Amino acid sequence: MLFSELAGYYEKLEAVSSRLAMVDILADLLNKAGKEEVSKVIYITQGVLAPPFEGVEFGMAEKLVEESIAMATGFTKAEVERTYRSKGDMGATAMELRSKSKLKRMSSHSYTVMEVYEHMLKMATTAGHGSKDIKIKMLANLIAAATPVEAKYLAKYPLDELRMGVGDATVLEALSKAATGDRKLKGELENAYNLCSDLGLVGEKLMNGGEQAVRNFRISVFRPIRPALAERLPTAEQILEKMHGIASVEQKYDGFRCQVHKDGRKVRIFSRRLENTTEMFPDLVDAAIQEIGAGSIILDGEAIAFNEDTGEFRPFQETIKRKRKHGIEEKAASLPLHLFAFDILYLNGEDYMKEPYKRRREELEKLLKGNHIIVPSNRIVTTVSKELEGFFERSIEGGLEGIVAKDLESKYKPGAREFSWIKMKRSYKGELSDTIDLVIIGYYRGRGMRSEFQFGGLLGAVYNEKRDLFESVSRIGSGFSEAQMVELREKLDRIKTKAKPARVDSVVEPDFWVTPKYVITVRADEITKSPTHTCGKEKQHDGSEVGYALRFPRLVGEETIRSDKGPEEASTTEEIIEMYNLQKRVKVEG
Ligand code: AMP
């Protein structure tokens with residue numbers, strides 16, 4: 001496939017305003033792509049070079065791309081910058097200057113998708129002395145040989161601005177449609193994706209080996225598995241009832257989710273978002289080598305900073321200081337972590353995910369016996385709600401967040417939030433005790449006191465998994481520091497869109513729409529029914545539609561933008577409805 005054809009599809013994708021239309025266009029694109037091109041087409045369409053866990057990044061800032069455009073079109077750097085300032089978008093800048101350029105297209109060669117991909121990969125992985133100039137030149141070579149429309153996407157790709165608003169679920173649906181004509185294979189594809197976190201690989205398997213290859217998909221060490229998530233309930237009684245009278249109740253640690261993969265002396269650690277965080281945790285890597293006897297293994301757990309002298313857990317604000325790029329070794333020494341392993345997914349060639357929790361747990365305890373750093377999570381097994389409550393209270397007293405109860409008979413459910421794991425946190429009374437993660441879908445211009453920051457607040461959405469859409473749930477106008485307002489304005493300005501993005505459902509109109517990309521954490525007093533927001537909306541008897549909204553939301557959290565969550569990892573519509581129902585029950589009882 002020629003890159004110009006791919007660019008043509010992107011033009012179509014950008015022009016549609018519904019998700020279903022996106023699926024159709026993508027399915028068509030995936031069918032037209034050659035078998036060896038499918039995975040690359042998927043990566044490019046999501047704006048990446050490889051699945052996120054491989055950590056391949058372009059390392060190109062705007063200035064470099066501007067230089068490439070200048071070199072390829074013959075305009076001066078100042079002219080490129082001026083155009084960029086007026087257009088506000090590097091793709092549009094490249095397109096316009098390419099078409100106005102007096103320099104002829106440098107060669108008559110039309111690049112294929114494969115060639116562009118390989119060129120880009122080489123460019124991204126060029127490192128060391130002089131690499132900046134090499135990158136500029138490499139991108140310039142591509143743009144110089146491109147048509148204006150191709151130039152647009154070539155300039156956006158290295159800046160992480162290519163993501164066509166296509167989410168994972170949309171790609172999976174399009175793959176199913178491409179292979180079978182409808183969505184019937186989506187479940188199987190999702191399952192394969194949950195086991196490897198690599199959409200390109202899933203696409204490649206499907207298009208080369210057919211449905212059978214997707215059904216036979218197996219986990220493997222060093223490919224992260226999408227983590228299981230927990231549901232929530234407010235009382236010990238309800239938890240025990242849901243678990244048929246008996247539960248394993250584990251302490252809930254508030255730190256970093258760590259999926260540890262080990263084969264011999266090679267260790268990789270993945271975050272909840274499946275990024276490779278191995279470099280951040282040299283102490284855990286050492287411990288994995290020293291303390292885990294098994295040859296090859298995949299463990300799931302939570303790492304938390306720990307005071308060696310007093311035996312106390314440290315709060316999240318302390319633990320998060322381990323998240324850094326420099327001074328890693330020093331911080332590891334002053335703020336040592338313990339990894340509380342709570343699951344085992346794979347051991348010496350055997351897939352453990354299908355085994356019941358109680359067998360997995362037994363194996364885990366056997367394997368980690370006598371360890372100091374990588375230890376099993378603390379837990380009790382109980383049938384008595386008073387006992388569960390007591391364990392919960394002691395966990396809170398010990399500085400932890402609460403508990404996670406686990407169904408003894410359940411399998412490990414990758415990528416799913418189900419009742420086989422149920423969390424209970426401090427209290428669901430009064431203000432909502434759980435924070436909510438929102439995707440930013442728009443923002444407001446600053447008026448009055450905030451006009452100097454040109455920032456007046458955000459429009460936030462939750463993720464509706466069934467619809468694979470973002471539904472508005474609240475405006476957020478408080479909790480921002482001045483520095484945060486500046487940061488948000490700058491970041492959001494770059495991802496402004498002219499119209500409402502195809503995967504956004506909102507009747508509220510912000511001053512500016514943005515591509516759903518950034519996740520923030522808010523705390524709210526209450527969830528209310530609302531005719532204004534589309535989150536969980538339902539038709540009423542009188543034909544009007546009512547959804548849910550947050551009351552008094554304010555920005556909280558250690559980071560302004562959550563670096564560990566992508567838009568599809570924000571709170572879901574279902575969670576909001578659940579939290580609404582929990583809160584109602586507490587009110588009636590209280
Ligand atoms: P939440 O982020 O509030 O939805 O809670 C789920 C998270 O709790 C998981 O993603 C883990 O990172 C963390 N967690 C801490 N302790 C445990 C545990 N014992 N079992 C399962 N998850 C845990």
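FYI, the numbering just counts along the sequence from 1. Every number for a ligand or one of its atoms is a count from 1 in the order of the listing. Keep in mind it's a predicted model, so treat the numbers as computed, not measured.
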For Glu250, the ligand 1 atoms whose distance to one of its heavy atoms is below 4.0 Å: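 Every atom of ligand 1 under 4.0 Å from some heavy atom of Glu250: 18 (C), 19 (N), 20 (N).
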Could you tell me, atom by atom, which parts of ligand 1 come under 4.0 Å of a heavy atom of Arg417?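 Listed by number with element, the hits are 4 (O).
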Give a yes or no on whether the backbone of Gln251 and the side-chain of Asn378 come within a donor-acceptor separation of less than 3.5 Å. no
Would a distance-only check, ignoring hydrogens and angles, find a side-chain to backbone donor-acceptor pair under 3.5 Å from Ser197 to Pro224?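 Here the side-chain-to-backbone pair exists.
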Quick one: nearest non-hydrogen protein atom to [atom], plus distance?
atom	value
atom 21 (C) of ligand 1	Lys406 NZ, 3.2 Å
atom 12 (O) of ligand 1	Glu302 OE1, 2.3 Å
atom 8 (O) of ligand 1	Lys252 NZ, 3.1 Å
atom 23 (C) of ligand 1	Phe342 CE2, 3.5 Å
atom 16 (N) of ligand 1	Tyr253 N, 3.1 Å

Does the residue [X] have a heavy-atom contact with ligand 1, meaning some pair of atoms that are separated by less than 4.0 Å?
X	value
Trp421	yes
Glu401	no
Arg379	no

Taking 4.0 Å as the limit for heavy-atom contacts, which would you say applies to Lys423 with ligand 1: side chain only, backbone only, both, or neither? side chain
Side chain, backbone, both or neither: which part of Lys565 comes within less than 4.0 Å of ligand 1 when only heavy atoms are counted?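 Neither; nothing of Lys565 gets under 4.0 Å from ligand 1.
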If every non-hydrogen atom of Thr319 is compared with every non-hydrogen atom of Ala303, which pair is closest and at what distance? CG2-O, 4.0 Å
Grab the two heavy atoms, one from Leu274 and one from Phe270, that are nearest each other, plus how far apart they are. O-CD2, 4.0 Å
Would you mind telling me which of Glu575, Glu569, Glu231, Glu578 makes a salt bridge (Lys or Arg N to Asp or Glu O under 4.0 Å) with Arg417?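 Exactly one candidate clears the test, Glu575.
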May I ask you to decide if the ring planes of Phe281 and Phe256 are parallel, tilted or perpendicular, using 30° and 60° as cut-offs? tilted
Would you say ligand 1 has an N or O under 3.5 Å from any N or O of Arg257? yes
Evaluate Lys425 for polar contact with ligand 1, using N/O atom pairs at a separation under 3.5 Å. yes
Which of these, Arg360, Gln259, Lys406, Arg361, sits in a side-chain hydrogen bond (donor to acceptor under 3.5 Å, both in side chains) with Asp343?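 Among the candidates, only Arg360 passes.
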Only residue of Asp437, Asp468, Thr573, Thr572 satisfying side-chain hydrogen bond (donor to acceptor under 3.5 Å, both in side chains) with Tyr463 is Asp468
Run the ring-centre check on Tyr253 versus Phe313 and record whether the distance is less than 6.0 Å. yes
